[in-house]
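First the structure, in the form of structure tokens, and then the observations on it.
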Amino acid sequence: MLGLGFLPSLAQDAPAVWEVGTEPAFPPFEMKDEATGDLIGFDIDLMKAIGAAAGREVKFISLPFDGLIPALQSKTLDAAISGMTITAERAQTIDFSRPYFKAGLAIAVKEDDEAIKSFEDLAGKRIAVQIGTTGADQAAQVEGATVSTFDAAPLALQELLNGRVDAVVNDLPVTLFAITEANLQGIKIIGELLTEEYYGIALPQGSEDAAAINTALGQLIQDGTYADIYRQWFQADPPELPEVAPALSSGTATGLNWAQLFRNLLRGAWVTIILTVLSFFFGLIGGALVAFALISPVKPLRLLCRIYVDFFRGTPMLVQLFMIYFGLPALFQGLGFDISFNRLFAAVLALSLNVAAYLAEILRGGIQSIDRGQWEAGESLAMNPIETMRYVIFPQAFRRILPPLGNEFITLIKDTSLAAVIGFEELFRQGQLTVATTYRAFEVYLAVAVVYLVMTSLASIVFKRMEAYMDPINRTKTVKPEPITPVAST
Ligand code: ARG
């Protein structure tokens with residue numbers, strides 16, 4: 001599955017598959033089934049039904065909510081279904097299908113909060129929202145409020161639960177679901193709906209799939225399939241706003257299934273290992289080439305490599321990742337090449353480029369730290385420069401390089417967590433997804449941290465072993481086990 005599929009794919013050959021983006025931390029519209037790891041939810045079922053009706057296979061790609069519209073703009077996705085409200089601003093950069101759900105924003109506060117009773121009461125308060133949502137837009141209009149944005153709606157609710165904010169502005173069905181179905185106790189919804197909103201399937205501008213999607217959706221509404229799916233997820237017709245949040249007793253904690261969490265984290269750890277090993281491998285090759293270029297006598301080459309190293313060491317990894325994943329395809333498309341990156345490819349590319357810059361400097365430093373006299377020694381033994389490098393310089397340099405190399409490897413293990421921002425389901429993202437359905441942030445992230453710790457500790461043991469092995473003192477010991485007896489030197 002994680003084989004060679006990371007090569008860039010040319011998006012030209014119009015496939016029978018729709019790649020549909022979604023941010024699966026928005027229950028009950030899209031979420032991950034804790035047990036199977038599959039995507040489930042109202043949107044998921046609906047999109048599958050639309051695909052079936054239109055004779056297309058639907059492949060879901062999970063991305064952060066605020067990454068969906070950029071991905072549609074760069075045509076990395078064929079569509080996105082993610083409880084996304086049809087708004088005039090969004091319609092300027094992307095297209096929408098006909099509406100498929102009626103929703104609206106609601107305010108959630110702590111159950112014992114008597115101060116906030118309406119939108120007006122939010123003035124001057126602390127509000128949490130999900131980044132890039134209509135809820136965030138709404139909160140921005142509140143006078144004097146401090147708004148904090150989170151990657152996912154459940155994180156914002158978590159913030160409220162933790163008492164760090166006074167209110168959350170979020171889609172009513174989602175907050176409602178969190179209160180009744182998930183482990184979110186002590187929160188209530190106040191007042192009436194702030195807005196009336198309609199969700200639509202988002203499409204790249206001018207998408208040729210719009211007609212097929214609209215026809216299929218219309219058909220499902222007609223033949224009752226839509227109503228069936230609706231009933232299955234909401235047990236009713238469109239929800240009415242309750243006076244108070246339903247008794248929380250009924251929704252007693254889905255709870256945290258430790259065995260399941262462990263399995264998910266292992267799955268994530270495996271992806272993390274693959275990312276680390278691939279990136280380190282390519283980074284090492286790239287780094288070695290750049291290191292030699294840095295000490296080569298060719299000045300323009302040196303200059304070029306210096307710029308490369310400085311750029312990748314001097315800018316945040318996160319920015320590089322966004323540049324490559326969201327930026328490059330758009331750039332290429334601007335130049336007329338219809339190219340789009342697969343996620344693994346983008347992540348490995350960004351990580352390798354970054355790590356190569358560091359490794360280049362480490363390798364260069366190591367080689368240059370070897371005394372000039374060693375080169376002369378090689379020469380006097382009639383070795384050519386390549387032989388001297390291979391038999392004299394490199395073995396010595398390698399010993400000095402090893403400790404910083406180990407550091408770099410450990411840093412890389414941790415840095416792979418940044419790939420979560422492009423929706424890569426590595427270790428950290430697996431944790432995020434679990435938190436999104438269980439609201440048990442501390443335990444889950446602690447577990448994630450422990451798994452990272454195990455991986456970095458193992459790596460550091462391996463590097464320590466290698467260092468010990470490379471140490472000439474240890475080596476003589478293993479080669480000559482007999483006790484060293486002092487010998488008079490000549
Ligand atoms: N309906 C809101 C919006 O369009 C929030 C949607 C958030 N969706 C999600 N999958 N997180 O802005």
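Both ligands and their constituent atoms are indexed starting at 1 by order of listing.
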TODO: Using a strict cut-off of 4.0 Å, indicate which atoms of ligand 1 neighbour a heavy atom of Glu30.
DONE: 10 (N)
Task: Counterpart residues, salt bridge (charged side-chain N to carboxylate O under 4.0 Å, His left out), relative to Glu143 (two or more places apart) - done: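 Scan of Glu143 (salt bridge (charged side-chain N to carboxylate O under 4.0 Å, His left out), adjacent residues dropped) gives none.
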Test of understanding: given a 4.0 Å heavy-atom threshold, classify the contact between [X] and ligand 1 as side chain, backbone, both, or neither.
X: Asp171; answer: side chain
X: Tyr199; answer: side chain
X: Arg90; answer: side chain

Open item on the list: Could you check whether Tyr230 and Phe101 have their ring centres less than 6.0 Å apart?
Closed with: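 Ring centres of Tyr230 and Phe101 closer than 6.0 Å.
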Task: Pair Tyr199 + Phe42: ring centers closer than 6.0 Å - done: no
TODO: Please say whether Ser82 places an N or O atom under 3.5 Å from an N or O atom belonging to ligand 1.
DONE: yes
Task: ligand 1 N/O within reach of Gly83 N/O, cut-off under 3.5 Å - done: yes
Open item on the list: Could you report the tightest heavy-atom contact between Arg429 and Ala420, atom names first, then the distance?
Closed with: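 Taking Arg429 first and Ala420 second, the nearest heavy atoms are CB-CB, 3.8 Å.
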TODO: Just jot down the side chain to side chain donor-acceptor pair (under 3.5 Å) partners of Lys59, sequence neighbours excluded, or say none.
DONE: Glu19
Open item on the list: Nearest non-hydrogen contact with atom 12 (O) of ligand 1 belongs to which option: Thr134, Asp66, Leu63?
Closed with: Thr134
- [ ] Please report which non-hydrogen protein atom sits nearest to atom 11 (N) of ligand 1, along with the residue it belongs to and the distance in Å to one decimal place.
- [x]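 The answer is Glu23 OE1, 2.6 Å.
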Task: SB check Glu120 Lys117 (cutoff 4.0 Å) - done: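 No salt bridge links Glu120 with Lys117.
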